[in-house]
Protein chains: 2
Amino acid sequence: MLSNTKNRVIPPRGFAETEYLRRLLKAQSGMADAGLGAMLITTEADMYYFTGFLSQFWQSPTRPWFVVIPLEGKPIAVIPEIGVNCMKNNFMEDIRSWSSPHENDDGVSLLFETLCEVLAKSSDSKTIGINQGRETHVRMPLHNFDLLKGKLSAQDPAIDFGDATEIIRQLRMVKSETEIDKLRYVAQCASDVFENLFSFIQPGMRDDEIFRAFKIECLKAGVDDVSYLVGAAGQGGYDDIISPPKGRILRDGDVLILDTGCTFDGYFCDFDRNYGFGRINDDAIRAYDVVWQATEAGMAAAKPGNTCQDIFHAMDKIMNAGGAQGESVGRFGHGLGIQLTEPPSHTSWDNTVLEDGMVITLEPGMIFAPGRMMVHEENLVVREGGVEMLSRRADAEMPICF
Amino acid sequence: MLSNTKNRVIPPRGFAETEYLRRLLKAQSGMADAGLGAMLITTEADMYYFTGFLSQFWQSPTRPWFVVIPLEGKPIAVIPEIGVNCMKNNFMEDIRSWSSPHENDDGVSLLFETLCEVLAKSSDSKTIGINQGRETHVRMPLHNFDLLKGKLSAQDPAIDFGDATEIIRQLRMVKSETEIDKLRYVAQCASDVFENLFSFIQPGMRDDEIFRAFKIECLKAGVDDVSYLVGAAGQGGYDDIISPPKGRILRDGDVLILDTGCTFDGYFCDFDRNYGFGRINDDAIRAYDVVWQATEAGMAAAKPGNTCQDIFHAMDKIMNAGGAQGESVGRFGHGLGIQLTEPPSHTSWDNTVLEDGMVITLEPGMIFAPGRMMVHEENLVVREGGVEMLSRRADAEMPICF
């Protein structure tokens, strides 16, 4: 049994073949309902979800990667040769490859042939599902996508592209217990670091030194990567939560926010914590209390059968009563999994119905004075019996280092 | 003067306004030559290049981000509200925003209006340049891209999209001295860590422990992030260079490769090192020598006026003579900058002419026995007087830890 520095059990990496099969069958059921004859996957997160292919090599934009999901049978990988050994696992059987980058045919012909082969076996539908909706993009050169469409139309004018967004979205939103184990582990590691912050962050440090120290502590705590760390500090509050370090020095009177997405085996945590240093303005301390209370309301509203709108309104009510002067984030939390943010969104308009096993963040934020905001965030699982926290709940009062 | 733990001078963050202006004017000159009335930017790297907007918030796929480059005048940002403060700097003046995520119009109308306004001021061309070629993609939902195209056509049937790939590619390939300062710094930090590897990596460690220890050392050495770390170990060689850790334990007889892309202020290094532990097969030691010699040949060929093909053939010749049985990477190195890999590619077909100031990797790799490969990599600047190394040259013989 592997364990990290805190003697926390490290979940096993990867998934059993049965988990991939379950995902595949659900996707194929959705495809059949939607009248799709195949699905084409082009992005990192979806490819990891359906095949188990996990690699930081996605940092390189040079090569396109494809997976074709037929209406029946296992996914077919159509990938650059460099990835073949990494793609081999307990689930993937059909891995086709070409030498990439290629002078004039970077996978288009091989993908075209594979799609034609798969559609020929699909009795009814000639429609290829691809992500087209909210929060998605097609990760291949536009020129090659147009070329592929042209080749397919020339082959059979009945072949067209449909939207796979809802099928994949619905599937990925509800997590398995194995997925939740990974999410819980990484959130617990980050909680260790946040709870220990005053032991390695002091006034006088530059923000880049703070970021670096935080990342080192997260790695020591057992995460694979600190893929996301943003933050800010300012006298009695901050006005920006997505910036990299700029050389500012932490000083008394500052409120510091750090917001991190650490990963374990490709699964993210995403939560923040706020800290005061020295004497802090009363309005900032009040704002901390307001967003903490808003989170409590969000936790109570996060039950199966409720919607994201319910969570939004429960939190919005508390913040309005607490003096919110608006916000710039656009939502009060979101889904969480193999991306830092996933659907759904806690907004006034997202009517996604919550289900047991959904993993979400609650992220109430408000501007409480001109140029000063307070954002708070927790990670949790929606459960029949009430939420299960993945991050360990923040202190009810802002931690202050004197 | 800021310095890191090795008393290396840390380059200043950001760029002077003059650098952004120079990039803009060159882009606009290319646009005029290509008959483009505007350019539309949708991806992280291009947006950082043209505006200075740097944020790990790109990890979230939820919101689209746009920059419109007019034929004359500064770029116009069309971005979610959450990014406005982060976008403000010494260069950007026109920042337009909407509350995102949005129920039914996630930036499309605002982008449409901005494009119409910019094209109306462009006397001749109604063509909007967008990246369509090799190594690019459009980062916005396909459905919204189609919607945008439809709205523009309805507004004026003469409006269409053209290819901006070559303009941006040519511009970004040649680095300024300020960019090179950042690249040199991060490559030197990583060199510190590689040269010190036997002090923190020993047989008996699990691969995930090795990765974590390496990342901590890189952060201590002064990098912002270890955005890319892949590697493998195997008896007398390895068969895969892009995988994450899988729980394997390092042991005597192993050759270990680690390949890292660390960043400083958004600029990457990308090089690897190979190490032996205990008694290593002679053929692996010979293969190390072959790829090291191939790199020497690549360095000699990397001069202004030569092409990437020249580099490829110089290296290929050495490896063929040295017993190469093929390779799976598809090229022997590439450009380097604000992405882990950038154009050009050292292949038999890339005829890009090398220029003073281009920053490239040399990455000879070969299969030297069934299931065993050896890949080596260095980072350098193409200079009139001969290459300037950014990574400190690897040992001529494989370092072995007994």
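In what follows, every chain begins at residue 1, and chains take the letters A, B, ... in the order their sequences are listed.
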Side chain / backbone / both / neither for B:L229 at chain A, heavy atoms under 4.5 Å | both
A:D239 versus chain B, the contacting section by heavy-atom distance below 4.5 Å | both
Do B:D350 and B:T347 have side-chain N/O donor and acceptor atoms under 3.5 Å apart?
-> no
Consider only side-chain N and O atoms of A:D106 and A:W98, and report whether a donor and an acceptor are under 3.5 Å apart.
-> yes
May I ask you to say whether B:E209 pairs ionically with B:R212, meaning some side-chain N is under 4.0 Å from a carboxylate O?
-> no
Chain B contacts, top residue of A:I242, A:L340, A:N85 (heavy-atom pairs, under 4.5 Å) = A:I242
Just give me the residue among A:S345, A:G133, A:P80 that pairs up with chain B most often, heavy atom to heavy atom, under 4.5 Å.
-> A:G133
Identify which part of B:V223 has an atom lying under 4.5 Å from any heavy atom of chain A, answering side chain, backbone, both or neither.
-> backbone
Tell me the side chain to side chain donor-acceptor pair (under 3.5 Å) pairs involving residues 128-142 of chain A, sequence neighbours left out?
-> A:D46-A:N131, A:E135-B:T62
Pick from A:F57, A:W349, A:W58, A:F211: which one has the most heavy-atom pairs with chain B under 4.5 Å?
-> A:W349
A:S100 and B:R331: side chain donor to acceptor below 3.5 Å | no
Flag for A:E377-A:T361: side-chain donor and acceptor within less than 3.5 Å = yes
Choice from A:P101, A:G14, A:G330 maximising heavy atom contacts with chain B below 4.5 Å | A:P101
Segment of B:H102 engaging chain A (4.5 angstrom heavy-atom cut-off) = backbone
Report the option among B:T165, B:V138, B:T43 that has the most heavy-atom pairs separated by less than 4.5 Å from atoms of chain A.
-> B:V138
Honestly, the part of B:S55 sitting under 4.5 Å from a heavy atom of chain A is both
Is the shortest side-chain N to carboxylate O distance from B:D265 to B:K182 below 4.0 Å?
-> yes
Heavy-atom pairs under 4.5 Å with chain A, option from B:Q339, B:R63, B:K246 with the top count | B:R63
Residues forming a side-chain contact (heavy atoms from CB on, under 4.5 Å) with A:T263, sequence neighbours excluded = A:D224, A:D225, A:S227, A:F268
Given that the side chain runs from C-beta out, which part of B:Q59 has a heavy atom under 4.5 Å from chain A: side chain, backbone, both or neither?
-> both
Non-hydrogen atoms of chain A under 4.5 Å away: do they reach the side chain of B:Y228, the backbone, both or neither?
-> both
Quick one: which of A:G261, A:P244, A:G247, A:S99 has the most heavy-atom pairs under 4.5 Å with chain B, could you say?
-> A:P244
Decide yes or no for B:Y185 and B:I10: does some side-chain heavy atom of the first lie under 4.5 Å from some side-chain heavy atom of the second?
-> yes
Check each atom of A:F145 against the heavy atoms of chain B and say whether the ones under 4.5 Å are side chain, backbone, both or neither.
-> side chain
Proximity of A:F53 and A:Y48 rings by center, below 6.0 Å | no
Can you tell which of A:D270, A:V226, A:L219, A:N144 has the highest number of heavy-atom pairs within less than 4.5 Å of chain B?
-> A:L219
